[in-house]
S.K.: 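One structure coming up, written as structure tokens, with questions to follow.
All figures in this text were calculated on a predicted structure; none of them were measured in a lab. Throughout, a chain's letter reflects where its sequence line sits, starting with A, and its residues are numbered from 1.
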Amino acid sequence: MGISKIWVFGEATDAGATASTLELVTRASQLADTVEVIMSGDAAAVAGVLGAHGATAVHTIGPIEGSLGGPRIASAIAGAVEAGTGPDVVICSTSYDGRDVAGRLSAKIDRPVITNVVDLVADGDRLLGCEPVFGGTTDVTTGFTDSGTAIFLVRPKSFTAEESGGGPAEVAEIAVGDLGETGSATVKERFAEESSGPKLDEAAIVVSGGRGLGEAGKYEMIETLAKLVKGAPGASRAVVDAGWVPYSYQVGQTGKVVKPTVYLACGISGATQHLVGMKGSANIIAINKDEEAPIFGIADLGIVGDVHKVLPKLIEALQARG
Amino acid sequence: MWKLRQRVVSLLPLSGTLFAMIVVVCVKQIPDPADPGALDPETKTLRRDVKLILDESDSYGVEMGLQLVDAAGEGEVRLVSMAPRNEVGGLRTALAMGAASAVLVSDEALAGSDALSTAKVLAAAIRRCEPDLVLTATESSDGYTGTVPVQIAELLGLPSVTFGKEIEVADGIATVKRQTEAGFDQVECPLPAVVSVTAGVVEPRYPSFKGIMGAKNKPVDELDLAGLGIDPATVGWSGARQEITDVAVAPARDAGELIHDEGDAHERILAFLDDLKVL
């Protein structure tokens with residue numbers, strides 16, 4: 001006996017289904033008999049790619065225009081659960097909207113959420129979530145003790161998206177219940193921040209800066225270097241909290257998880273919370289003044305030195321190459 | 001930051017009428033992150049028998065709340081917290097910053113509470129404060145589930161905006177800049193509402209000496225589950241409905257080469273990148 005039905009909260013942009021949606025559908029299809037997606041907007045546009053990754057159906061609540069998806073998707077899932085047509089397991093990505101859906105649904109159907117999951121494993125007819133704690137030194141595996149709907153929030157990049165040869169997922173509409181006041185927030189305008197390089201969680205090279213840079217103005221070196229290597233700039237929580245760069249730059253337990261080919265940590269000591277977000281990188285280079293810095297414990301190339309001396313020379317050398 | 005404050009002030013209703021805004025800020029008191037944590041070997045939950053401080057993530061919400069009340073011209077910031085043993089260490093810090101009062105919920109039956117239990121308790125405590133706006137961090141620094149703000153909103157039947165970078169309030173509507181993958185959305189939300197704020201968006205003030213002294217006399221309403229009207233069976237261990245099936249040491253990643261910069265470290269980095277053919 002195995003897990004019979006998993007629903008994945010699907011997210012899509014104009015460019016199609018998000019990478020994390022496909023990762024989750026792929027993994028879910030390895031674990032359950034039936035995998036279906038629930039989303040808002042144009043499900044037909046992504047039914048092909050979702051089907052290829054293992055989903056057999058995609059339920060859409062239809063276009064939501066400027067409304068926030070969280071309360072609506074949660075209401076639709078809760079409706080299905082109450083009607084007995086819902087899934088055994090709901091999986092959302094730890095994204096901005098994924099957390100809204102999981103949180104709303106949790107309170108609506110009175111089921112806890114297993115969060116910060118980086119691996120999902122089957123245990124008979126239930127699903128277990130594995131979560132790293134204490135800066136990734138310890139893995140804790142958690143499951144529900146009863147048969148009610150299980151909700152999981154899974155971190156992006158926990159799985160590799162793979163096509164399994166399925167045909168397009170069948171598109172179906174699903175109703176949203178009465179939202180009361182909960183659905184009354186509306187997006188008036190969307191702003192895209194200027195970003196010339198690759199996205200932080202997709203870049204082959206990530207150059208990150210930490211408190212060792214000394215002051216906000218010095219973060220510019222990180223941006224310059226990232227541009228030169230066609231990578232993305234990142235940051236430790238310390239400099240995000242200090243307001244040097246926006247939250248979207250943050251790499252770590254409370255920020256983005258990155259797994260680039262090369263991660264270059266500049267002036268980052270390697271607080272456990274940071275290591276969780278980058279230790280999956282294929283290669284790690286670290287520059288830090290303190291020989292005892294924990295970051296050196298996981299660096300393939302560790303440089304005990306001053307970022308203010310090493311980085312300008314590195315930038316100059318790269319510029320000289322053109 | 002100062003920019004936010006200027007903009008908020010400029011949005012005051014033209015009529016000049018002020019309204020007394022009650023902002024409730026949810027604050028978590030956590031073990032000092034500088035001290036390494038540990039799991040209780042018996043219960044496999046975080047040990048909490050250490051002195052608690054204000055979670056730094058929550059200091060931004062407290063600051064944001066104080067600024068919004070300032071801009072409204074009248075009102076106050078009230079704190080809501082759940083902690084073991086009536087711990088007030090972190091609350092006093094937030095009171096010293098300028099919050100007017102606090103509701104603190106402690107109960108032995110809350111041991112082992114997960115995010116949903118926490119949200120049930122906080123929602124019940126918030127209801128007593130009759131807020132116009134509820135502020136939270138996006139996630140705590142020790143549990144970082146990131147679900148509590150939205151769970152609270154759903155339990156209270158309120159709209160929510162998560163990952164807020166800036167908040168303005170005018171005419172009963174909060175306008176929030178919400179962080180997105182691409183940039184940010186400008187979201188309008190009728191009050192009362194729950195907004196979670198990201199770290200680093202305002203500069204939390206340091207408590208003044210006067211603030212610290214005054215905080216000792218500010219009211220902290222201490223409640224237990226019975227006082228809140230919550231059935232102990234629905235929260236804590238009894239409400240968790242989860243079990244930890246395994247705790248394992250994660251596979252370690254080995255350190256590579258460590259060199260001291262003699263003025264040529266940049267060449268070593270370039271050689272490393274060239275070997276990988278990533279440039």
S.K.: What option among A:Ser184, A:Pro246, A:Ala192, A:Gly231 has the most heavy-atom pairs under 4.5 Å with chain B?
M.R.: A:Ser184

S.K.: Going through the checks in order, is the side chain to side chain contact (heavy atoms under 4.5 Å, CB included) test met by A:Asp241 and B:Glu56?
M.R.: CA-CA 9 Å; A:Asp241 283 3; B:Glu56 199 187 337; 4.0 Å; yes

S.K.: Contact between B:Val247 and A:Asp139 at the side-chain level, heavy atoms closer than 4.5 Å - yes or no?
M.R.: no

S.K.: Which pairs, with at least one residue in residues 245-259 of chain B and sequence neighbours excluded, count as a side chain to side chain donor-acceptor pair (under 3.5 Å)?
M.R.: A:Asp300-B:Arg253, B:Glu257-B:Arg268

S.K.: Looking only at heavy atoms, which two atoms of A:Ala185 and B:Pro159 are closest? And how far apart?
M.R.: N-CB, 4.2 Å

S.K.: Could you tell me which residues satisfy salt bridge (Lys or Arg N to Asp or Glu O under 4.0 Å) with B:Glu267, sequence neighbours excluded, listed by chain and number?
M.R.: none

S.K.: Looking at A:Thr182 and B:Gly157, what are the two nearest heavy atoms and their distance?
M.R.: CG2-C, 3.6 Å

S.K.: Side chain, backbone, both or neither: which part of A:Lys256 has an atom under 4.5 Å from a heavy atom of chain B?
M.R.: side chain

S.K.: Name the region of A:Asp123, side chain, backbone, both or neither, that has any atom closer than 4.5 Å to a heavy atom of chain B.
M.R.: neither

S.K.: Who among A:Glu291, A:Gln250, A:Glu316 has the most heavy-atom pairs with chain B under 4.5 Å?
M.R.: A:Glu291

S.K.: Which bit of A:Lys230 comes within less than 4.5 Å of chain B, counting heavy atoms only: side chain, backbone, both or neither?
M.R.: neither

S.K.: Below 4.5 Å from any heavy atom of chain B, which atoms of A:Pro112 appear? Answer side chain, backbone, both or neither.
M.R.: both

S.K.: Restricting to pairs with a member in residues 289-322 of chain A, which pass ring pair (Phe, Tyr, Trp, His ring centres under 6.0 Å), not counting sequence neighbours?
M.R.: none

S.K.: Taking all non-hydrogen atoms of both residues, which atom of A:Leu153 and which atom of B:Thr145 are closest, and how far apart?
M.R.: CD1-O, 4.3 Å

S.K.: Calculate, to the nearest 0.5 Å, the distance between atoms CZ and OG belonging to B:Arg241 and A:Ser147 respectively.
M.R.: 11.5 Å

S.K.: How about CD on B:Glu130, more than 12 heavy atoms from neighbouring residues, nucleotides or ligands closer than 6.0 Å, or not?
M.R.: no

S.K.: Taking C-beta and beyond as the side chain, do B:Ile269 and A:Ile287 meet within less than 4.5 Å on heavy atoms?
M.R.: yes

S.K.: Quick one, A:Ile303 and B:His266 - any side-chain contact, counting heavy atoms below 4.5 Å?
M.R.: no

S.K.: Could you check whether A:Arg126 pairs with B:Glu243 (Lys NZ or Arg NE/NH1/NH2 to Asp/Glu carboxylate O, under 4.0 Å)?
M.R.: yes

S.K.: Given heavy-atom pairs under 4.5 angstrom as the criterion, report whether the side chain, backbone, both or neither of A:Ala282 touches chain B.
M.R.: backbone

S.K.: Quick one: of A:Gly143, A:Gly305, A:Ser248, A:Gly180, who has the most non-hydrogen atom pairs under 4.5 Å with chain B?
M.R.: A:Gly143

S.K.: Between A:Ile298 and chain B, which part of the residue has a heavy atom less than 4.5 Å away: side chain, backbone, both or neither?
M.R.: both

S.K.: Any idea which of B:Val161, B:Leu158, B:Thr198 has the most non-hydrogen atom pairs under 4.5 angstrom with chain A?
M.R.: B:Leu158

S.K.: Among the options B:Ser57, B:Ser196, B:Ala174, pick out the one with the most heavy-atom pairs lying under 4.5 Å from chain A.
M.R.: B:Ser57

S.K.: Considering only heavy atoms from C-beta outward, does the side chain of A:Arg104 approach that of B:Ser160 to under 4.5 Å?
M.R.: yes

S.K.: Which bit of A:Ala299 is near chain B, if near means a heavy-atom gap under 4.5 Å: side chain, backbone, both or neither?
M.R.: backbone

S.K.: Where does the angle between the aromatic ring planes of A:Tyr247 and B:Phe163 fall among parallel (under 30°), tilted (30 to 60°) and perpendicular (over 60°)?
M.R.: tilted

S.K.: Heavy-atom pairs under 4.5 Å with chain A: which of B:Leu155, B:Ile152, B:Thr162, B:Val176 has the most?
M.R.: B:Thr162

S.K.: Heavy-atom distance under 4.5 Å between the side chains of B:Ile244 and A:Thr141, does that happen here?
M.R.: no

S.K.: Non-hydrogen atoms of chain B under 4.5 Å away: do they reach the side chain of A:Leu301, the backbone, both or neither?
M.R.: both

S.K.: Between A:Ser281, A:Gly129, A:Ala286, A:Ala317, which shows the greatest number of heavy-atom pairs under 4.5 Å with chain B?
M.R.: A:Ser281

S.K.: When you compare the side chain of A:Asn283 with that of B:Leu276, does any pair of heavy atoms fall below 4.5 Å?
M.R.: yes

S.K.: So which part of B:Phe184 gets closer than 4.5 Å to some heavy atom of chain A, the side chain, the backbone, both or neither?
M.R.: both

S.K.: Taking all non-hydrogen atoms of both residues, which atom of B:Glu181 and which atom of A:Tyr96 are closest, and how far apart?
M.R.: N-CE1, 3.6 Å

S.K.: Looking at side-chain heavy atoms only, is the closest gap between A:Phe191 and B:Thr180 below 4.5 Å?
M.R.: no

S.K.: Which residues in residues 113-123 of chain B have any heavy atom lying under 4.5 Å from a heavy atom of chain A?
M.R.: B:Asp114, B:Leu116, B:Lys120

S.K.: Side-chain contact test, heavy atoms from C-beta onward, threshold under 4.5 Å: evaluate it for B:Leu279 versus A:Val229 and give yes or no.
M.R.: yes

S.K.: With chain B as the partner, which of A:Thr13, A:Thr186, A:Thr115, A:Val140 has the greatest number of non-hydrogen pairs under 4.5 Å?
M.R.: A:Thr186

S.K.: Look at B:Asp261 together with A:Lys313 and state whether they make a salt bridge at an N to O cut-off of under 4.0 Å.
M.R.: no

S.K.: Show, in sequence, the C-alpha distance, side-chain angles and deciding distance for A:Val304 and B:Ile259, and conclude whether the side chain to side chain contact (heavy atoms under 4.5 Å, CB included) test is met.
M.R.: CA-CA 6 Å; A:Val304 183; B:Ile259 62 164; over 6 Å; no

S.K.: Which atoms of B:Ala193 are under 4.5 Å from chain A, going by heavy atoms: the side chain, the backbone, both sets, or neither?
M.R.: neither

S.K.: Given that the side chain runs from C-beta out, which part of A:Arg111 has a heavy atom under 4.5 Å from chain B: side chain, backbone, both or neither?
M.R.: both

S.K.: Please assess B:Gln151 against A:Ser106 for the test side-chain hydrogen bond (donor to acceptor under 3.5 Å, both in side chains), listing each intermediate value before the final yes or no.
M.R.: CA-CA 7 Å; B:Gln151 287 167 327; A:Ser106 161; 2.7 Å; yes

S.K.: If you measure only the distance, is there a donor-acceptor pair under 3.5 Å linking the side chains of B:Thr138 and A:Arg99?
M.R.: no

S.K.: Where do B:Leu273 and A:Val262 come nearest, in terms of heavy atoms and distance?
M.R.: CD2-CG1, 3.7 Å

S.K.: What residue, out of A:Leu68, A:Leu200, A:Asp110, A:Ile205, has the most heavy-atom pairs lying under 4.5 Å from chain B?
M.R.: A:Asp110

